[in-house]
Trainee: 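Dumping the structure here so I can ask a few things about it.
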Amino acid sequence: MHAMRFPAEPFRIKVVEPLRSVSREERERLIVEAGLNIFAVPADSIYVDLLTDSGTSAMSDDQWAGLMLGDESYAGSRNFFHLVETIHDIFGYRHVIPTHQGRMAENLLFSTVLKPGDVVPNNIHFDTTRANVEHQGAEAVDLVIDEGLDPAVLHPFKGNLDPAKLDRLLGETGQGRVPLVMLTVTNNSGGGQPVSLANVRAVREVCDRHRVPLFFDACRFAENCWFIKEREPGYGNKSVTEIARELFSYGDGCTMSAKKDGLVNIGGFLALNNAEWAERVTNLLILVEGFPTYGGLAGRDLEAMARGLREVLNEDYLAFRVGQVAELGEMLDRAGVPIVKPVGGHAVYIDARRLLPHIPQSQFPGQALVVALYREFGIRSVEVGSLMFGHREPKTGEMVYPKLELVRLAVPRRVYTTEHMRFVAESVIQLQRRSDRLRGLKLTYEAPVLRHFTARLEEMAPGESAPGSAGPRAADVATPR
Ligand code: F0G
């Protein structure tokens, strides 16, 4: 038997969702119709969908059973009390405010506590978190350790926030201008990298000295706590639940997208100790989201979330989950596909600039890889590079490209088997072998903001140079790694 380096699936399959087989010709037609934009391809024409791990989990039989016990009372649903009891037990925060997803928890918190000119430090803000901070006229500052920004450096806790950078920022920023510090566990925008408990304690100590509360962006808390158990000295014999309780004990609250480690398709919450903030958030919640005992959800959704928060801490599940993602990364790494290392908790990130060195950043090598993975194999991935972050400098009119040109393969929880992962790895490896045949892309339409969601592109003709670029390799020269 093939030597398994991580546990096999700790579940069996009771309900199946058939996948439609789609020919290469049909995929070719669909991706061209979509303007080479993977967001515009209908999901039922995708074989393995690794666009995101958010809201794409498979629920368990216990969660589905919980849906039938949904109490749809407008006020005081029993499922709300079950959720509160669960959150008290794991997270320990006094006030629980359910929301329909993570960004609403962020929006409610930041609209309540931030004012223009404020500053919010974080290891790295996720896009929606940054956008919600900036929406209040405040500044979002990323203070991850230097190792966290280098895709090749091996470090067990690349999501750590640099306490010295935080101390300096809090010392320099005027009194009362930092209403809270945030820590994202795991650090999604840095590659799903974990934060250690030693780092959380160090950050807490700095926060205490400057009298600033600490909040977690807890989306992938269970995966983070699993890494602590695996990698942090002194925690190997603690249960992941105990580790989670300790982690959250150093904070004053958290925002949560339960679409990740809540194992549900929709749901989230804000939990916090500050009664005055909770009261103001609750008043805003009633205005924009719903009554305090359901937030933006149905009673049944609250029940599925309460059950999911317990299940996600099951260590057989976590060993499989984190192991499956790591195995996908290792299959690629062994074949010489350049990836961000070490592999994070929820996704593998391919370094598209190294895979496609002949395509300059001005011609979207990451997106070229995304398109090829769909066209050739029916796999959906997402570009996190020049299409998502490239922009024109307002003063000079020059194009600015991000440092990293990545393609994310985010793995939904409990949805795909290890055989699917092998298929994905073999597909990427095959593409790498004939990567010189992939061509760069050019934009034919772009929206003024968040252009990657609606952009339309075309393949470059052989020998053609990108419009607006000084030459095919100019961008490579302008942004050395
Ligand atoms: N914080 C982090 C770290 C996230 O990864 C996300 C979502 C959010 C907050 C927002 O939560 O979607 O429920 O409103 N990340 C998804 C992703 C969209 O694909 O990485 P939400």
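We count ligands from 1, going down the list as the structure has it; atoms in each ligand are counted the same way. One-based numbering along the sequence shown. Nothing here was measured: the structure is a model prediction, and the numbers come from that model.
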Trainee: Any heavy atom of C219 closer to ligand 1 than 4.0 angstrom?
Mentor: yes
Trainee: Is the closest N or O pair between T52 and ligand 1 shorter than 3.5 Å?
Mentor: yes
Trainee: Is there a heavy atom in M104 that sits closer than 4.0 Å to ligand 1?
Mentor: no
Trainee: For atom 21 (P) of ligand 1, find the nearest protein heavy atom and state the residue, atom name and distance (0.1 Å precision).
Mentor: Q101 NE2, 3.3 Å
Trainee: Is the F291-F80 ring centre distance short of 6.0 angstrom?
Mentor: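 They do not qualify: ring centres at least 6.0 Å apart.
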Trainee: How about D301 and H100: does a side-chain donor come under 3.5 Å of a side-chain acceptor?
Mentor: no
Trainee: Return the closest protein heavy atom for atom 1 (N) of ligand 1 as residue, atom name and distance.
Mentor: D217 OD2, 2.7 Å
Trainee: Among all protein heavy atoms in this structure, tell me which lies nearest to atom 12 (O) of ligand 1, with the distance rounded to 0.1 Å.
Mentor: R103 NH2, 2.8 Å
Trainee: Would you say ligand 1 has an N or O under 3.5 Å from any N or O of N188?
Mentor: yes
Trainee: Check whether any heavy atom of H100 sits under 4.0 Å from an atom of ligand 1.
Mentor: no
Trainee: Nearest non-hydrogen atom to atom 11 (O) of ligand 1 belongs to which of M182, K259, K260?
Mentor: K260
Trainee: Counting non-hydrogen protein atoms only, what is the nearest one to atom 10 (C) of ligand 1? Give residue, atom name and distance.
Mentor: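 Heavy-atom neighbour on the protein nearest atom 10 (C) of ligand 1: T128 OG1, 3.4 Å.
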Trainee: What protein heavy atom is closest to atom 13 (O) of ligand 1, reported as residue, atom name and distance in Å?
Mentor: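 Minimum-distance protein heavy atom for atom 13 (O) of ligand 1 reads S257 OG, 2.6 Å.
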Trainee: When the ring centroid of Y74 is compared with that of Y294, is the distance short of 6.0 Å?
Mentor: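 Centroid distance Y74-Y294: below 6.0 Å, so yes.
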Trainee: Against E106, only a single residue in T99, L270, D217 fulfils side chain to side chain contact (heavy atoms under 4.5 Å, CB included); can you say which?
Mentor: D217
Trainee: Around atom CZ of R94, are there more than 12 heavy atoms from other residues, nucleotides or ligands closer than 6.0 Å?
Mentor: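 No, not enclosed.
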Trainee: Check whether any heavy atom of R220 sits under 4.0 Å from an atom of ligand 1.
Mentor: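 Yes.
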Trainee: Would you please indicate if the ring centroids of F320 and F11 are separated by under 6.0 Å?
Mentor: yes
Trainee: Heavy-atom contacts with T184 under 4.0 Å: which atoms of ligand 1 show up? List them by number with element.
Mentor: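 It comes down to these atoms of ligand 1: 3 (C).
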Trainee: Which residue owns the protein heavy atom closest to atom 8 (C) of ligand 1, what's the atom, and how far is it?
Mentor: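 Among all protein heavy atoms, the one nearest atom 8 (C) of ligand 1 is F126 CD2, 3.4 Å.
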Trainee: With atoms numbered from 1 as shown, which atoms in ligand 1 lie under 4.0 angstrom from a non-hydrogen atom of R408?
Mentor: 17 (C), 19 (O), 20 (O)
Trainee: Is it the case that E311 and S60 place a side-chain donor and acceptor less than 3.5 Å from each other?
Mentor: yes
Trainee: Rounded to the nearest 0.5 Å, what separation is found between the CG atom of N188 and the NZ atom of K260?
Mentor: 7.5 Å
Trainee: Are Y47 and H420 close enough that their ring centers fall under 6.0 Å?
Mentor: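 Ring centroids of Y47 and H420 are less than 6.0 Å from each other.
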Trainee: Tell me, yes or no, whether the heavy-atom count around E17 atom CD, taken from other residues, nucleotides or ligands under 6.0 Å, exceeds 12.
Mentor: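 No, CD of E17 has 12 or fewer neighbouring heavy atoms, counting only those of other groups under 6.0 Å.
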Trainee: So which heavy atom in the protein is nearest atom 9 (C) of ligand 1, and how far is it from that ligand atom?
Mentor: E106 OE2, 3.1 Å
